[in-house]
S.K.: 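Below: one structure in structure tokens.
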Amino acid sequence: MLRTSENGFALPLTIFVLATVTILLSAVMVQVQVDRRIAESSSDVVDALIVAQSGLDQYLAYYDSLAARPLDGDSLRINVTGGYADVVAHIVRRPADSLSGITFIVRSRGRVIKPTQGADPQAVRVVAEFARWQYGAMDVIGALTTVNDFRCTGSSCDGTYSLIGYDQCGVEPAVYGLRAPFGPTPSMLPPEVDPAGLEGPATATFASIAFLGIDWAAATGSAFTPDYTNLVDLNTWSTYRLSGNNTLTNVIGTGLLVVDGDLELEGTLFDWQGVVLVGGEADFKADTSRVEGAFVTGLREQTGPPVQKGKWGPAGTHIDVRYNSCNVQTAFSSLTGFAPIPGGWMDNWSSY
């Protein structure tokens, strides 16, 4: 016979155990949901950063392709995978010289959209970049412009020469076939040179390197990042910078070619469409040296001592330099646009 005090004990105990287990399982489920939501939120924040950065990159690329500077306060909404970015550009520094680089702060606010969760953004992230708008341009004053002049040594002036200052594109006024530094007499010019150019002789002098409008320190420093540092993809209108002294043999290419030191041309043909800028002297040894655009030598004198005079081609060689404004413009076109300022990127830029 059971005692009266033990009647009904099993049922309350069972209910207590079940309730305890249910509470524990509910707590576990809640924690799992919280952890999953935290993980999803972290993922959404990362996605928002990707959306914001993608919008920023596309905005910069868009105006690079237009080669037209945006106005202060310009804004653009850019749809990207996973959401959209609202990009706004503000001018923070405007130099007195309208052709100098204008500094912008470009802000991109990225929003993550999940269609299954409605139209409200699931996460927002803001990034910003300080960037300078730069103009790729060159004031051409001669088809062949030499800061360091040229010289004849032995038979080095026995070749044939054609320095044409008339614009082969037919757009701009003619320039001189040869521009040389100031002095008591014009540059030593072989008599075979075609006297094309402005009304008058093929040569003219200038009294200042600054007159060229080329910043050699910038062209050889960190301000200029070329597409290539060696000669590859030569027919893509790219930019190239070759360090030190260089000897080029049988080169055919297009674009902007910058040579830090001396340049020696050899072989059967050197044929370049665009612009060639040489820091040191140029030695025309190739059978035919042809440039349609502009050719400048001796630019290193901007930042250092005088450069040794270049050499005209020896017997059997031909130098053909013709001004072409379209080729000059195309060679510099890739340099027009936004240039991000090193160290100028910021994450979670709240507002401007």
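In this chain, numbering begins with 1 at the start of the sequence shown. Computed from a predicted structure; not experimentally measured. Below, each value reflects all heavy atoms present in this structure, side chains not excepted, and no hydrogens, waters or symmetry copies.
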S.K.: Return yes if some donor-acceptor pair links the side-chain N/O of Arg132 with the main-chain N/O of Thr103 below 3.5 Å, else return no.
M.R.: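 Side chain of Arg132 to backbone of Thr103, a donor-acceptor pair under 3.5 Å: no, none is there.
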
S.K.: Same hydrophobic cluster for Val106 and Val124, using side-chain heavy-atom links shorter than 4.5 Å among ILVMFWY?
M.R.: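 No, it is not one cluster - the side chains of Val106 and Val124 are not joined through contacts under 4.5 Å.
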
S.K.: For Tyr84 and Ile78: C-alpha separation, side-chain torsions, deciding distance, then whether side chain to side chain contact (heavy atoms under 4.5 Å, CB included) applies.
M.R.: CA-CA 6 Å; Tyr84 63 89; Ile78 299 175; over 6 Å; no

S.K.: Could you tell me whether Gln273 atom CD has more than 12 heavy atoms of other residues or ligands within 6.0 Å of it?
M.R.: yes

S.K.: Taking the side chain as everything from C-beta on, heavy atoms only, tell me whether Met346 gets closer than 4.5 Å to Val127.
M.R.: no

S.K.: Applying side chain to side chain contact (heavy atoms under 4.5 Å, CB included) to Thr288 and Thr317, what does each step give before you reach the verdict?
M.R.: CA-CA 6 Å; Thr288 299; Thr317 62; over 6 Å; no

S.K.: Give me each pair satisfying salt bridge (charged side-chain N to carboxylate O under 4.0 Å, His left out) with a member in residues 317-328, each pair once, sequence neighbours excluded.
M.R.: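 Listed once each, the pairs are Asp320-Arg322.
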
S.K.: Does the ring pair (Phe, Tyr, Trp, His ring centres under 6.0 Å) test come out yes or no for Tyr161 and Trp312, once each step is laid out?
M.R.: CA-CA 9 Å; Tyr161 313 93; Trp312 293 110; 5.4 Å; yes

S.K.: Excluding sequence neighbours, so at least two apart, what forms side-chain contact (heavy atoms from CB on, under 4.5 Å) with Thr229?
M.R.: Pro226

S.K.: I'd like to know if the side chain of Glu292 and the backbone of Asn324 have a donor-acceptor N/O pair within less than 3.5 Å.
M.R.: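 Checked: no pair found.
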
S.K.: Could you grab the distance from atom CD1 of Ile164 to atom CG of Leu178, nearest 0.5 Å is fine?
M.R.: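 So the gap between those two atoms works out to 12.0 Å.
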
S.K.: Can you measure from OG1 (Thr146) to CG (Leu144) and round to the nearest 0.5 angstrom?
M.R.: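 Answer for the OG1-CG pair, Thr146 versus Leu144, is 6.5 Å.
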
S.K.: Following the transitive rule for hydrophobic clusters with a side-chain heavy-atom cut-off under 4.5 Å over Ile, Leu, Val, Met, Phe, Trp and Tyr, establish whether Val51 and Trp345 coincide in one cluster.
M.R.: yes

S.K.: Between Val88 and Val92, is there shared hydrophobic-cluster membership here, with clusters defined by ILVMFWY side-chain heavy atoms closer than 4.5 Å?
M.R.: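 No, no single cluster joins them.
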
S.K.: Is any NZ, NE, NH1 or NH2 atom of the basic residue among Asp86 and Arg109 found under 4.0 Å from an Asp or Glu carboxylate oxygen of the other?
M.R.: no

S.K.: Would you give me the side-chain donor-acceptor pairs under 3.5 Å for residues 245-260, sequence neighbours excluded?
M.R.:
{"unit_1": "Asn245", "atom_1": "OD1", "unit_2": "Asp262", "atom_2": "N", "d": "2.7"}
{"unit_1": "Asn246", "atom_1": "ND2", "unit_2": "Ser243", "atom_2": "O", "d": "3.1"}
{"unit_1": "Asn246", "atom_1": "ND2", "unit_2": "Gly244", "atom_2": "O", "d": "3.0"}
{"unit_1": "Asn250", "atom_1": "OD1", "unit_2": "Thr268", "atom_2": "N", "d": "2.5"}
{"unit_1": "Asn250", "atom_1": "OD1", "unit_2": "Leu269", "atom_2": "N", "d": "3.2"}
{"unit_1": "Thr254", "atom_1": "OG1", "unit_2": "Leu234", "atom_2": "O", "d": "3.4"}
{"unit_1": "Thr254", "atom_1": "OG1", "unit_2": "Trp237", "atom_2": "N", "d": "3.0"}

S.K.: Do you know which two heavy atoms are closest between Gly310 and Asn148, and how far apart they sit?
M.R.: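 In terms of heavy atoms, the two residues are closest at N-ND2, 3.5 Å.
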
S.K.: Which pair of heavy atoms, one from Ala85 and one from Gly55, lies closest together, and at what distance?
M.R.: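 Smallest heavy-atom distance, with atoms named: CB-CA, 3.8 Å.
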
S.K.: Which heavy-atom pair separates Val321 from Ala143 by the least distance, and what is that distance?
M.R.: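 Result for this residue pair: CG1-O, 3.3 Å.
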
S.K.: Less than 4.5 Å apart, any side-chain heavy atom of Asn327 and any of Cys169?
M.R.: no

S.K.: Would you give the length of the straight line joining atom CH2 of Trp272 to atom CZ of Arg290, rounded to the nearest 0.5 angstrom?
M.R.: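 Result: 14.5 Å between the selected atoms.
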
S.K.: So which atom in Ser325 and which in Val171 form the shortest heavy-atom distance, rounded to 0.1 Å?
M.R.: OG-CB, 3.8 Å

S.K.: Taking a hydrophobic cluster as the set of Ile, Leu, Val, Met, Phe, Trp and Tyr residues connected by side-chain heavy atoms closer than 4.5 Å, whether directly or through intermediates, do Leu60 and Ile102 fall within one such cluster?
M.R.: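 Yes.
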
S.K.: Can you tell me how far apart OG1 (Thr297) and CG (Leu277) are? Round to the nearest 0.5 Å.
M.R.: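 Rounded to the nearest 0.5 Å, the OG1-CG separation comes out at 10.0 Å.
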
S.K.: Side chain to side chain contact (heavy atoms under 4.5 Å, CB included), that's the test. Do Arg69 and Ile91 meet it? Break it down for me.
M.R.: CA-CA 11 Å; Arg69 178 176 63 81; Ile91 294 176; 3.8 Å; yes

S.K.: What verdict does the side chain to side chain donor-acceptor pair (under 3.5 Å) test give for Asp227 and Tyr240, after you've listed the backbone C-alpha separation in whole Å, the side-chain angles of each residue and the deciding distance to 0.1 Å?
M.R.: CA-CA 6 Å; Asp227 296 321; Tyr240 309 85; over 6 Å; no

S.K.: Quick check for you: to the nearest 0.5 Å, what is the distance between Ser289 atom OG and Leu265 atom CG?
M.R.: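 Answer for the OG-CG pair, Ser289 versus Leu265, is 4.5 Å.
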
S.K.: With side chains defined as the heavy atoms from C-beta onward, is the minimum distance between Gln168 and Tyr323 less than 4.5 Å?
M.R.: no

S.K.: Closer than 4.0 angstrom, basic N to acidic O: yes or no for Arg125 and Asp347?
M.R.: yes

S.K.: Can you list everything that forms a side-chain hydrogen bond (donor to acceptor under 3.5 Å, both in side chains) with Gln58? Sequence neighbours excluded, please.
M.R.: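 Partners of Gln58 by the side-chain hydrogen bond (donor to acceptor under 3.5 Å, both in side chains) criterion, ordered by chain and then number, come out as Ser54.
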
S.K.: Show, in sequence, the C-alpha distance, side-chain angles and deciding distance for Phe338 and Phe104, and conclude whether the ring pair (Phe, Tyr, Trp, His ring centres under 6.0 Å) test is met.
M.R.: CA-CA 9 Å; Phe338 280 111; Phe104 284 80; 5.4 Å; yes

S.K.: Report yes or no: do Thr160 and His318 form a side-chain donor-acceptor pair below 3.5 Å?
M.R.: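 The answer is yes; a qualifying pair exists.
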
S.K.: With rounding to the nearest 0.5 Å, note down the distance linking CG in Leu56 to OG in Ser108.
M.R.: 5.5 Å

S.K.: Any non-hydrogen side-chain atom of Val276 less than 4.5 Å from a side-chain atom of Leu263?
M.R.: yes

S.K.: I need the full list of salt bridge (charged side-chain N to carboxylate O under 4.0 Å, His left out) pairs touching residues 239-254, with sequence neighbours left out, sorted by first then second residue.
M.R.: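 Qualifying pairs, neighbours excluded: none.
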
S.K.: Quick one: do Phe270 and Val291 satisfy side chain to side chain contact (heavy atoms under 4.5 Å, CB included)? Show the steps, please.
M.R.: CA-CA 8 Å; Phe270 175 81; Val291 174; 3.9 Å; yes

S.K.: Determine whether a donor-acceptor pair (N or O, by modelled atom type, separation under 3.5 Å) exists between the side chain of Asp74 and the backbone of Ala89.
M.R.: no

S.K.: Do you know which two heavy atoms are closest between Ile105 and Ala128, and how far apart they sit?
M.R.: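 Result for this residue pair: CD1-CB, 3.8 Å.
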
S.K.: Under 3.5 Å, is there a donor-acceptor pair between the side chain of Asp167 and the main chain of Ala174?
M.R.: no

S.K.: Under a single-linkage definition using a 4.5 Å side-chain heavy-atom cutoff for Ile, Leu, Val, Met, Phe, Trp and Tyr, are Phe332 and Val175 assigned to the same hydrophobic cluster?
M.R.: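 Yes, Phe332 and Val175 fall within the same hydrophobic cluster.
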
S.K.: Identify each donor-acceptor pair in which a side-chain atom of residues 280-287 lies under 3.5 Å from a protein atom, sequence neighbours left out, and give them as a table.
M.R.:
none

